[in-house]
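Here is the structure we will look at.
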Amino acid sequence: MKITGIFTVKLNPLDFYADAKPGLNLGRMSMVKTFYRELNATSQGEMLSAMTICGN
């Protein structure tokens, strides 16, 4: 079985619950994905990121 349709994604920044070491930035976003057409549903999750600062 194959279902086709479209979806939208909403991202919202959240406070982070951990402190990063110097030179490291942490990020946290809530994610809500809504599906339309043959499948009408919503999923929720979180996206975490870590970024280092590099110098020359």
Side-chain angles (χ1 to χ4, degrees):
M1 179 191 306
K2 181 179 179 180
I3 295 175
T4 59
I6 59 173
F7 61 88
T8 59
V9 178
K10 290 185 182 180
L11 298 172
N12 293 308
L14 297 172
D15 290 334
F16 209 81
Y17 49 83
D19 292 325
K21 294 182 179 182
L24 181 66
N25 293 324
L26 301 176
R28 182 173 167 231
M29 305 279 275
S30 71
M31 183 170 46
V32 177
K33 188 185 251 187
T34 305
F35 302 88
Y36 304 94
R37 295 200 181 147
E38 293 179 34
L39 174 65
N40 291 305
T42 301
S43 66
Q44 299 179 8
E46 287 187 12
M47 180 172 60
L48 305 175
S49 65
M51 181 173 52
T52 59
I53 299 170
C54 298
N56 292 332

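In this text, all values refer to a predicted model and were calculated from it rather than measured experimentally.
Residues satisfying the salt bridge (charged side-chain N to carboxylate O under 4.0 Å, His left out) criterion with Glu46, sequence neighbours excluded, are Arg28. Here Gln44 pairs with nothing under the side chain to side chain donor-acceptor pair (under 3.5 Å) rule; sequence neighbours left out. For Thr4, the side chain to side chain donor-acceptor pair (under 3.5 Å) criterion is met by Glu38, not counting sequence neighbours. With sequence neighbours excluded, the residues that form a side-chain contact (heavy atoms from CB on, under 4.5 Å) with Thr8 are Thr34, Tyr36.
Contacts classified as salt bridge (charged side-chain N to carboxylate O under 4.0 Å, His left out) and involving residues 3-13 (residues at least two apart or in different chains) are not found.
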Please evaluate residues Arg37 and Ile6 with respect to the criterion side-chain contact (heavy atoms from CB on, under 4.5 Å), reporting the C-alpha separation (whole Å), side-chain torsions for both, the decisive distance (0.1 Å), and the verdict. CA-CA 7 Å; Arg37 295 200 181 147; Ile6 59 173; 3.9 Å; yes
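Hydrophobic cluster membership of Met31, counting Ile, Leu, Val, Met, Phe, Trp and Tyr whose side-chain heavy atoms lie under 4.5 Å apart directly or via other members: Met1, Ile3, Phe7, Val9, Leu11, Met29, Phe35, Leu39, Met47.
Under the 4.5 Å side-chain contact rule for hydrophobic residues, Leu26 and Leu48 share a cluster.
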